Structure formats: C-alpha cells, structure tokens
*Asks:* 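Structure provided below as structure tokens; questions to follow.
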Amino acid sequence: MNLARLDLNLVVALRALLEERNVTRAGQRVGLSQPAMSAALARLRRHFDDELLARAGGHYELTALGQVLLDRTSTAYDVLERLFASQADFDPAKETREFKVIGSDYAVAVFGTELARVVHEEAPGIRLRFSQTPPTVVEDTAALLSTTDGLLMPHGIISDFPATDLYDDRWVFLVADDHPSVEERLTPQDLSRLPWVTYQRTYDAPAVRQLGMLGIEPRVEVSVDSFQLLPLLVAGTRRLALVQARLARLMAPLAAVRVVEPPYEPVPLREALWWHPVHTHDAAHIWLRETAARVARRLLDPER
C-alpha cells in the first residue's frame, strides 16, 4: 500500500459514512455537500472493492467489510488527530487541550484525583478525561495506547512500552469491623474457607496468580468491576476482599471495615503511566508525564 497515493481526507469521510450510514447526514457532519460525499463513497468503494454501505429497504446497512472498518477507522482517525496535534512547544498556562487517560477506578481515586488537582491549579485550560480500562488491554495494547495519552496500570501486566513509574502500593485484606471469626490476623485456612468479594477484571493478574501458586482457591461469592465497591460489599458480612492499601485508607471512612495484613508476603505493586512511543517527543505529552511524576513524588512524601 502506497500511502503517498492516498487522500487522507477519505479517512474523515469513511468514518462519517460508516457511523452515520447515510450519505446526506455524513456530508453534513463533515461539511461536504451530498454530491461531494457521494463521490467520496464511490472512491472508497473502488479502493476497497466493496459496497461498504448496502441498501436494505429504505436505509443502508454496513457490509461485512464495512463492519470491520468501523472500529479500525475510528482508531485511525484518533491516531491521525493526535499526530497532527503534536507540538514543538507547550505552555500549560495558555494552552487549551484535553488529555485522555485510561485507568481503573483505583488508579483514578488514588492518583488521578491528585493529578487533576495539580492540573486545575497550574493549567486552567487543560481538561482531563479518565476512562475505565477495557478488558482488551492485554490483547491489543498497542492499538489502545495509540488512541490515548496514557494508561495507568501496575507493572506485571503489560510490557514493551515506555512507562514512567509513579508510586508503590501493597495488597491488604478488608474484613468487616465486626467479623465473627477474624480477629487481628488471617490464616491461609481463612482465605480458603471464607467467602470473597473480588475485582473481576482478569488483567489484575499478578496478585491473582500468586494466590494460585500458594494453593489458595478463593471461594468467590460476589465479583464487581470496581475496586471502590469492595469495602461496601465486605461491610456487615463474613466476606473478605483483597485491595490496595492506599485505596483501603481512602475508603475506610465510608464503610465499617478494617484492614488485615495477608498471611503471606504479597507481590509488590508499582503503578506506572504507560504511553505509546509516538508520544515520546511531543511537548504536550512530555509536560503530562513530568506533571504525573511530580504528583507521584507528592504521594510518596510521608508529610503529605
């Protein structure tokens, strides 16, 4: 494929056509007349040797290839938009821009809130948009990172991408304040006999793998896709939950729970900000990474 012979404006037209599934609405969306958008659709059909949009009664439906292109076009559009938004200089006090950061609700609660506070103070025109980490993060990391500014995730899950280490955390257990059979310590037998509340995303793998290596099979009674819900689902029950110590300190006032240390040495947890190499030399992204590192140092300061 010779990219030099392609008209990149067709990416904009293709995305509008596939999402709107209507030539007139697609043209209105990108500022083209109906004849001009029809001409763009004709060029796209010749290029892909496929109808892309097939008439079904009084409307259009995507062909099989059109359905495949729907997600790919959105990703390509985001990559191109970020490519041409790259800057040689960046003044956070004057710029207006949105940074998209992906992370779990744990990462946003512990780190994202502090990052947002600093950005609010230093860069009034900068917006932060936090999105939940998708289940496909491990299978398609490159595509995910190419369409975002950063991914908050601990080491041990993805690799081979640049990252800025942020802070260390550790795993602890939560039990109800009035748990009838757990006093100051947990035993390995407790971990097997008591019911669990678990975080259901599979990419939180290192801590889960360690349990299996220790021969501990959690008896899962409830699973959720939010770390912050774990204390509420532990309070007033016989359940236990494995959570990060920093999050446990934040959430403790909201639920009648207490922290109990694991009866084994848990794997370390080091949170990092990961990004795609395409962002490495972008001035705006350098500022974001440096600000993140500065916020992380504040988290590590015992005086704070």
Side-chain angles (χ1 to χ4, degrees), residues 8 11-12 74-134 136-138 140-169 203 227-228 244 246-247 250 269-304:
L8 292 183
V11 176
V12 179
S74 179
T75 300
Y77 185 93
D78 288 344
V79 171
L80 288 172
E81 190 174 48
R82 292 178 183 280
L83 173 64
F84 287 101
S86 299
Q87 301 169 242
D89 300 298
F90 183 77
D91 185 349
K94 298 178 180 179
E95 297 287 348
T96 300
R97 172 172 174 161
E98 179 179 86
F99 288 101
K100 179 182 176 184
V101 179
I102 295 175
S104 68
D105 65 315
Y106 151 72
V108 175
V110 171
F111 179 78
T113 53
E114 294 298 319
L115 178 63
R117 185 174 295 115
V118 171
V119 170
H120 171 74
E121 294 171 353
E122 301 179 2
I126 301 301
R127 303 181 308 279
L128 293 175
R129 177 155 59 99
F130 293 107
S131 300
Q132 183 76 7
T133 311
T136 57
V137 60
V138 176
D140 205 3
T141 308
L144 178 67
L145 289 179
S146 68
T147 60
T148 191
D149 293 295
L151 170 66
L152 296 172
M153 178 167 282
H155 284 275
I157 301 170
I158 64 173
S159 59
D160 300 327
F161 289 94
T164 295
D165 287 349
L166 298 176
Y167 61 89
D168 292 337
D169 208 340
Y203 48 70
F227 282 111
Q228 295 184 53
Q244 305 88 344
R246 290 179 183 271
L247 183 64
L250 282 178
L269 193 162
R270 174 162 292 179
E271 193 75 10
L273 175 68
W274 304 80
W275 72 89
H276 196 283
V278 71
H279 301 312
T280 298
H281 302 294
D282 177 55
H285 201 273
I286 291 172
W287 172 83
L288 176 66
R289 300 196 306 264
E290 291 177 346
T291 303
R294 183 156 45 89
V295 171
R297 288 194 293 272
R298 292 176 61 175
L299 286 179
L300 297 174
D301 184 353
E303 295 298 321
R304 295 181 180 274

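What you see below is based on every heavy atom in this structure, not just the backbone, and it leaves out hydrogens, waters and symmetry mates. What you see is a predicted model, and the numbers here were worked out from it, not measured in a lab. In this chain, residues are counted from 1 in sequence order.
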*Asks:* Over all heavy atoms of both residues, which pair between Pro92 and Trp287 is shortest? Give the atoms and the distance, please.
*Replies:* CG-NE1, 3.3 Å

*Asks:* Using only atom types and a distance under 3.5 Å, with no angle test, would you say the side chain of Thr147 pairs donor to acceptor with the backbone of Leu144?
*Replies:* yes

*Asks:* At what distance, to the nearest 0.5 angstrom, does CG of Leu151 lie from OG of Ser131?
*Replies:* 11.0 Å

*Asks:* Which heavy atom of Leu166 sits nearest a heavy atom of Ala272, and at what distance?
*Replies:* CD1-C, 3.9 Å

*Asks:* Would you find a donor on one side and an acceptor on the other, under 3.5 Å apart, between the side chain of Asp169 and the backbone of Arg246?
*Replies:* yes

*Asks:* Report yes if the side chains of His155 and Asp165 come closer than 4.5 Å at any heavy-atom pair, otherwise no.
*Replies:* yes

*Asks:* Can you check whether Thr148's main-chain N or O pairs, donor with acceptor, with His279's side chain at less than 3.5 Å?
*Replies:* yes

*Asks:* Closest heavy-atom contact between Ala284 and Phe99?
*Replies:* O-CZ, 3.6 Å

*Asks:* Consider salt bridge (charged side-chain N to carboxylate O under 4.0 Å, His left out). Of Arg127, Lys100, Arg97, which one does Asp149 pass it with?
*Replies:* Arg97

*Asks:* With a 4.5 Å heavy-atom cut-off, do Phe111 and Glu271 have their side chains touching?
*Replies:* no

*Asks:* Quick one: does Asp105's side chain have a donor or acceptor within less than 3.5 Å of a partner on Gln228's backbone?
*Replies:* yes

*Asks:* If you measure from OG1 on Thr291 to CD1 on Ile126, what distance do you get to the nearest 0.5 Å?
*Replies:* 9.5 Å

*Asks:* Can you tell if the side chain of Asp140 reaches within under 4.5 Å of the side chain of Pro134, non-hydrogen atoms only?
*Replies:* no

*Asks:* Can you find a pair of side-chain heavy atoms, one from Gln244 and one from Leu269, that are under 4.5 Å apart?
*Replies:* yes

*Asks:* Which atoms form the tightest heavy-atom contact between Ala109 and Leu247, and what is the distance?
*Replies:* CB-CD1, 4.2 Å

*Asks:* Would you find a donor on one side and an acceptor on the other, under 3.5 Å apart, between the side chain of Glu98 and the backbone of Leu128?
*Replies:* no

*Asks:* Take the angle between the ring planes of Tyr106 and Tyr167 and call it parallel below 30°, perpendicular above 60°, tilted in between.
*Replies:* perpendicular

*Asks:* Within a radius of less than 6.0 Å around CZ of Arg294, do more than 12 heavy atoms belonging to other residues, nucleotides or ligands occur?
*Replies:* yes

*Asks:* How long is the span from the CG atom in Leu152 to the CG atom in Leu273, to the nearest 0.5 Å?
*Replies:* 5.5 Å

*Asks:* Has the side chain of Trp274 got a donor or acceptor atom that lies under 3.5 Å from a matching backbone atom of Met153?
*Replies:* yes

*Asks:* Report yes if some heavy atom in the side chain of Pro154 is under 4.5 Å from a heavy atom in the side chain of Arg270; otherwise report no.
*Replies:* no

*Asks:* CZ/Arg289 to OG1/Thr280 distance, rounded to the nearest 0.5 angstrom?
*Replies:* 5.5 Å

